[in-house]
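What you see is a predicted model, and the numbers here were worked out from it, not measured in a lab.
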Amino acid sequence: VQLQASGGGLVQAGDSLTLSCAASGRTFSRYTVGWFRQAPGKERDFVASTNWNGGTTYYADSVKGRFTISRDNGNTAVSLQMNNLKPEDTAVYYCAAALSLTSRAVSYDYWGQGTQVTVSS
């Protein structure tokens, strides 16, 4: 499975942004996809995850109610809709794939390159 994250940018507090994780590989539809983020000097934190068919999703408390993770109908990409962005959301965002629905980064086998999200106050 190969993953390609995109959609980051510089926005103001309160704005919205949508990240996309495009996938290739015949078995992608079997995988849980998660989004993680890493701010400078901090650990990589879980943001959200969705199971293989998009029927089950989990969110970090810090983004619950503001972010929405979803899979496209063709199950070739996963989006992260981010609303009401805050300066503390500033980080490099990564998408990753795992065979189990989990928030633990160590359980994810495949990672895309990061995309920078910067939220100014």
Side-chain angles (χ1 to χ4, degrees):
V1 176
Q2 293 81 44
L3 304 174
Q4 178 82 24
S6 62
L10 172 63
V11 297
Q12 294 186 332
D15 285 351
S16 298
L17 202 59
T18 301
L19 305 183
S20 181
C21 179
S24 60
R26 293 179 297 172
T27 62
F28 174 70
S29 61
R30 297 169 47 192
Y31 282 81
T32 283
V33 175
W35 284 95
F36 294 79
R37 65 187 182 187
Q38 187 166 20
K42 296 188 177 181
E43 294 184 351
R44 189 169 297 188
D45 292 331
F46 170 76
V47 175
S49 63
T50 177
N51 73 329
W52 68 277
N53 66 358
T56 303
T57 57
Y58 289 117
Y59 297 92
D61 288 342
S62 58
V63 306
K64 204 171 292 183
R66 299 188 297 123
F67 291 12
T68 302
I69 188 171
S70 61
R71 302 183 86 118
D72 71 353
N73 290 335
N75 211 351
T76 59
V78 173
S79 298
L80 184 68
Q81 173 69 40
M82 305 184 295
N83 297 328
N84 190 24
L85 282 161
K86 304 176 181 181
E88 50 264 42
D89 294 318
T90 295
V92 177
Y93 283 71
Y94 299 88
C95 62
L99 284 175
S100 60
L101 185 60
T102 175
S103 61
R104 299 175 67 242
V106 295
S107 296
Y108 284 76
D109 301 308
Y110 303 97
W111 290 82
Q113 90 295 352
T115 184
Q116 176 71 47
V117 173
T118 303
V119 185
S120 63
S121 57

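- The two residues Tyr59 and Ala48 have their closest heavy-atom pair at CD2-CB, 3.6 Å.
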(message) As a quick check of understanding, evaluate side-chain contact (heavy atoms from CB on, under 4.5 Å) for Thr90 and Gln116, giving each step before the final call.
(response) CA-CA 8 Å; Thr90 295; Gln116 176 71 47; 4.1 Å; yes
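- With a 6.0 Å radius and a threshold of 12 heavy atoms from other residues, nucleotides or ligands, Gln113 has its CD atom above the threshold.
- In terms of heavy atoms, Pro87 sits closest to Ala13 at CD-CB, 4.1 Å.
- Remark: of the listed residues Asn53, Val78, Thr57, Val78 is the sole one forming a side chain to side chain contact (heavy atoms under 4.5 Å, CB included) with Arg71.
- With contacts defined as side-chain heavy-atom distances shorter than 4.5 Å, the pair Val33/Tyr108 does not qualify.
- One hydrophobic cluster, built from ILVMFWY side chains closer than 4.5 Å, holds both Val63 and Val11.
- Heavy atoms only, all atoms of each residue included: Thr32 and Ser49 are closest at CG2-CB, 4.3 Å.
- For Arg66 (side chain) and Asn84 (main-chain N/O), a donor-acceptor pair under 3.5 Å exists by modelled atom type.
- By the 30° and 60° cut-offs, the orientation of the rings of Trp111 relative to Tyr94 is perpendicular.
- Summarising the geometry, atom CH2 belonging to Trp35 is positioned 4.5 Å from atom CG belonging to Leu19; distances are rounded to the nearest 0.5 Å.
- Residues Leu99 and Leu101 are members of separate hydrophobic clusters, defined by side-chain heavy-atom contacts under 4.5 angstrom among Ile, Leu, Val, Met, Phe, Trp and Tyr.
- Judged by distance alone, the side chain of Ser79 and the main-chain N or O of Gln81 form no donor-acceptor pair under 3.5 Å.
- Nearest heavy atoms, Thr102 versus Phe46: O-CE1, 4.2 Å.
- Considering all non-hydrogen atoms of both residues, Ser62 and Arg37 come closest at OG-NH2, 3.4 Å.
- Checked for salt-bridge contact, Asp61 and Lys64 meet the test: a charged N lies under 4.0 Å from a carboxylate O.
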(request) Output, in order, the C-alpha distance, side-chain angles, deciding distance and verdict of side-chain contact (heavy atoms from CB on, under 4.5 Å) for Phe36 and Val92. (result) CA-CA 8 Å; Phe36 294 79; Val92 177; over 6 Å; no
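- Taken together through direct or relayed side-chain contacts under 4.5 Å among Ile, Leu, Val, Met, Phe, Trp and Tyr, Leu3 and Val117 form part of one hydrophobic cluster.
- Between Ala22 and Ala77 the shortest heavy-atom distance is CA-CB, 4.2 Å.
- At most 12 heavy atoms of other shown residues, nucleotides or ligands fall within 6.0 angstrom of atom NZ in Lys42.
- Of the possible polar contacts, one joining the Asn51 side chain to the Thr56 backbone as a donor-acceptor pair under 3.5 Å is found.
- Ring centroids of Tyr31 and Tyr110 are separated by less than 6.0 Å, placing the two rings close together.
- When Asn83, Leu85, Leu17 are each tested for a side chain to side chain contact (heavy atoms under 4.5 Å, CB included) with Phe67, only one passes: Leu85.
- By the criterion of side-chain heavy atoms lying less than 4.5 angstrom apart, applied directly or through intervening Ile, Leu, Val, Met, Phe, Trp or Tyr residues, Val1 is grouped together with Ile69 in one hydrophobic cluster.
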